[in-house]
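Here the structure comes first, spelled out in structure tokens, and everything after it is commentary.
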Amino acid sequence: MSIVTDHCLSLLTSCKSLRALTQIHGFFIKSGVDSDSYFNGKLILQCAISVPGALPYARRLLFCFPEPDAFMFNTLVRGYSGSDEPRNAVSVFVEMMRKGFVFPDSFSFAFVVKATANFRSLRTGFQMHCQALKHGLESHLFVATTLIGMYGECGCVEFARKVFDEMHQPNLVAWNAVITACFRGNDFSKAREIFDNMLVKNHTSWNVMLAGYTKAGELESAKRIFSEMPHRDDVSWSTLIVGFAHNGIFNDAFSYFRELQRVEMRPNEVSLTGVLSACSQSGALEFGKTIHGFVEKSGYSWIVSVNNALIDMYSRCGNVPMARLVFQGMPDKRSVVSWTSMIAGLAMHGQGEEAIRLFNEMTKSGATPDGISFISLLYACSHAGLIKEGEDYFSKMKRVYHIEPAIEHYGCMVDLYGRSGKLQKAYNFICQMPIPPTAIVWRTLLGACSSHGNIELAEQVKQRLNELDPNNSGDLVLLSNVYATAGKWKDVACIRKSMIVQRIKKTTAWSSVEVGKTMYMFTAGEKKKGIDIEAHEKLKEIILRLRNEAGYAPELASALYDVEEEEKEDQVSKHSEKLALAFAVARLPKGENIRIVKNLRICRDCHAVMKLTSKVYGVEIVVRDRNRFHSFKDGSCSCRDYW
DNA sequence: CTAGGGTTAG
């Protein structure tokens, strides 16, 4: 290799942007190095793998060369297989076959099969398997292992095992792959059987079992594997912690993280994102702050994923200023996830205009929004009542960014119209959607009918829901609320009766509140523990004071029976968020904010009580309900009663 | 000069 080529190669590998790459490429053409096929292979490698957004450029390059070799094709297939359009990998592969003079090798099949696994097409995957067979490469160690992975991904355990059984000398990696394939197909006992038959197990085999069980939600089995393994590495710990977080077992996520800090090496970034996700979901701000401290102290603050998890944690725990601080501390390494998390955070807190401003800043900075960025943006528009803006971005999404709207985006639009009272428009919008509406979409409209008291449309929408998800307790409660608001207690009773007859259980509402470093949970009406009695007593006192000093009158539409007014009042007054509020007023030191998390949507009466309490008691209250945040201060709420 | 199995945020 000449000194010039050598120098050019090192220049090439230092290129990290498409612009720099094209410049350097131009320079190479002038100096004549571009006729070297080894060099051109490297060039394609750099474009397809190392420089984000340069894949199309790599593809164009390949077709400029008179005689592209297998390496170049393989590299391009590899690049596309890991991209967001893995189907392109197959089309490049097909073009390679058509060329005639380049023959696919084991690399080609490994990459193209991996691509079919990534877009989960059993049909295409099988076709590639046949091609591999024709070329005598189907039992090649790497090709076969990728085939096992592909069949597993597509849920076809039978074929995965067939490929495995026909391998001449499967190595550990192949054994591990077939175990994962069994888990993907929900065949736990087969996975266990194969695992037990292994004569030699290394670390990874145990971790494969751990991952299989956590993904299946079998956390007890995962715990057992974890305790039985001879050695636990950082992947074992993070797999388990992430597993707890994903399955909503937050206390175990916290305690295993503490245990990890106590016994082992430093927690890695995956355990950190896992435990932060547990904080986000449960609203554990104080514990989250401790983790943030650990991140700063142990030098992890340069890792993008950890920063993203911190942004999400702070915004879901109600602390937007801290989320912004983390976001501002990573100016030149923000990923789409960082931008989207921040936009979603602002949106949840009703700062719709600010979310839109940030979105525009994002596109100006050169970052490319994806489908999820648009979900956050449309959500921001709908919660801030910005209809025109929402419509604009929805149309831009397709026109400018070439993102095909998914069902979630249509759902946001229905919410946008429904929330602002344009119920008929929302209905027509659903009828004109190019994809069939799901129950969630109709449910969104039913919710809007409920808050705007439109009985006729609500009944019509419920009819549609009956075809898709007839016995959803939330839908029945929503419809019953529509009737209750209109005073149609006979219809309310009818729904209630059918729920009892069909044994449809309402989702149990709960609210939690953090006092000191402890989380306290409340459910409606219960008086099991001392804290429940304490909360009920305090609540009586608060309600009395609100009546006398702020003219509070309870809103009773959320009651479920046609009973005496007094009894309805009693029912509504037991809502879990009120109990959590009363408990916090009694226990929290003066001047501290009250933060409540509720698993369902806050009811109208509770919302009113929160507003008045913030004024009469001079406290700030932050409630995170199923959909968004409500910050109550001095008698008003950040949602501007628009939720 | 390219690969296969286990953990990562919105």
Side-chain angles (χ1 to χ4, degrees), chain A residues 1 9 12-13 37-46 48-49 69-79 81 105-114 117 140-150 152 167 170-181 183 202-215 233-243 245-246 267-277 280 303-313 315-316 335-345 347-348 369-377 379:
Chain A
M1 206 192 307
L9 275 180
L12 186 60
T13 45
S37 101
Y38 174 84
F39 177 83
N40 285 337
K42 278 286 195 189
L43 184 63
I44 293 203
L45 181 65
Q46 190 69 12
I49 309 296
D69 58 21
F71 176 83
M72 296 178 189
F73 274 107
N74 292 349
T75 307
L76 200 57
V77 172
R78 178 187 168 206
S81 85
D105 55 18
S106 64
F107 289 97
S108 326
F109 285 108
F111 293 140
V112 78
V113 169
K114 175 81 182 158
H140 181 280
L141 194 57
F142 282 79
V143 177
T145 311
T146 331
L147 281 170
I148 294 170
M150 181 274 293
M167 286 178 81
N171 63 0
L172 261 172
V173 181
W175 280 85
N176 293 341
V178 77
I179 292 174
T180 296
F183 274 116
N202 71 353
H203 263 66
T204 309
S205 309
W206 291 89
N207 287 342
V208 163
M209 292 301 287
L210 259 186
Y213 282 130
T214 56
K215 282 199 182 126
D233 64 5
D234 60 333
V235 176
S236 327
W237 284 95
S238 34
T239 303
L240 196 62
I241 290 170
V242 168
H246 281 175
N268 68 3
E269 74 264 29
V270 182
S271 320
L272 282 167
T273 51
V275 77
L276 283 170
S277 154
S280 295
I303 297 177
V304 178
S305 62
V306 172
N307 280 298
N308 294 346
L310 280 170
I311 293 171
D312 184 55
M313 183 276 290
S315 37
R316 277 183 209 272
S335 68
V336 203
V337 180
S338 332
W339 288 98
T340 306
S341 308
M342 199 60 238
I343 292 168
M348 279 188 260
D370 63 10
I372 305 175
S373 316
F374 276 97
I375 293 177
S376 305
L377 182 66
Y379 174 94

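Residue numbering restarts at 1 for every chain, and letters A, B, ... go by the order of the sequence lines. These numbers come from a predicted model, not from an experiment.
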Should [X] and [Y] count as side-chain neighbours, where that means a heavy-atom distance under 4.5 Å?
X        : Y        : result
A:Ser338 : A:Asn307 : no
A:His246 : A:Thr214 : no
A:Asn202 : A:Leu172 : yes

Please classify the nucleic acid contact of [X] as base, sugar-phosphate, or nothing, using heavy-atom distances under 4.0 Å.
X        : value
A:Asn307 : nothing
A:Ser373 : base
A:Leu272 : nothing
A:Thr239 : sugar-phosphate
A:His140 : base
A:Ser106 : base
A:Asn202 : base
A:Val235 : base
A:Thr180 : sugar-phosphate
A:Ser238 : base
A:Asp312 : sugar-phosphate
A:Ile372 : base
A:Ala211 : sugar-phosphate
A:Val336 : base

Which is the 5'-most and which the 3'-most nucleotide of DNA chain B that has an atom under 4.0 Å from a heavy atom of chain A?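 Taking any atom under 4.0 Å from a heavy atom of chain A, the span is B:dC1 to B:dG10.
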Can you tell which of A:Ile311, A:Val304, A:Asn308 makes a side chain to side chain contact (heavy atoms under 4.5 Å, CB included) with A:Val337?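 Only one of A:Ile311, A:Val304, A:Asn308 forms a side chain to side chain contact (heavy atoms under 4.5 Å, CB included) with A:Val337, namely A:Asn308.
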By side-chain contact (heavy atoms from CB on, under 4.5 Å), which residues pair with A:Ser305, not counting sequence neighbours?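 Here the qualifying residues are A:Glu269, A:Thr273, A:Ile303.
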All side-chain hydrogen bond (donor to acceptor under 3.5 Å, both in side chains) counterparts of A:Thr13, not counting sequence neighbours: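 A:Thr13 satisfies side-chain hydrogen bond (donor to acceptor under 3.5 Å, both in side chains) with no other residue.
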Atom pair CD1/CZ of A:Ile44 and A:Phe71 - distance to nearest 0.5 Å: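 Those atoms lie 9.0 Å apart.
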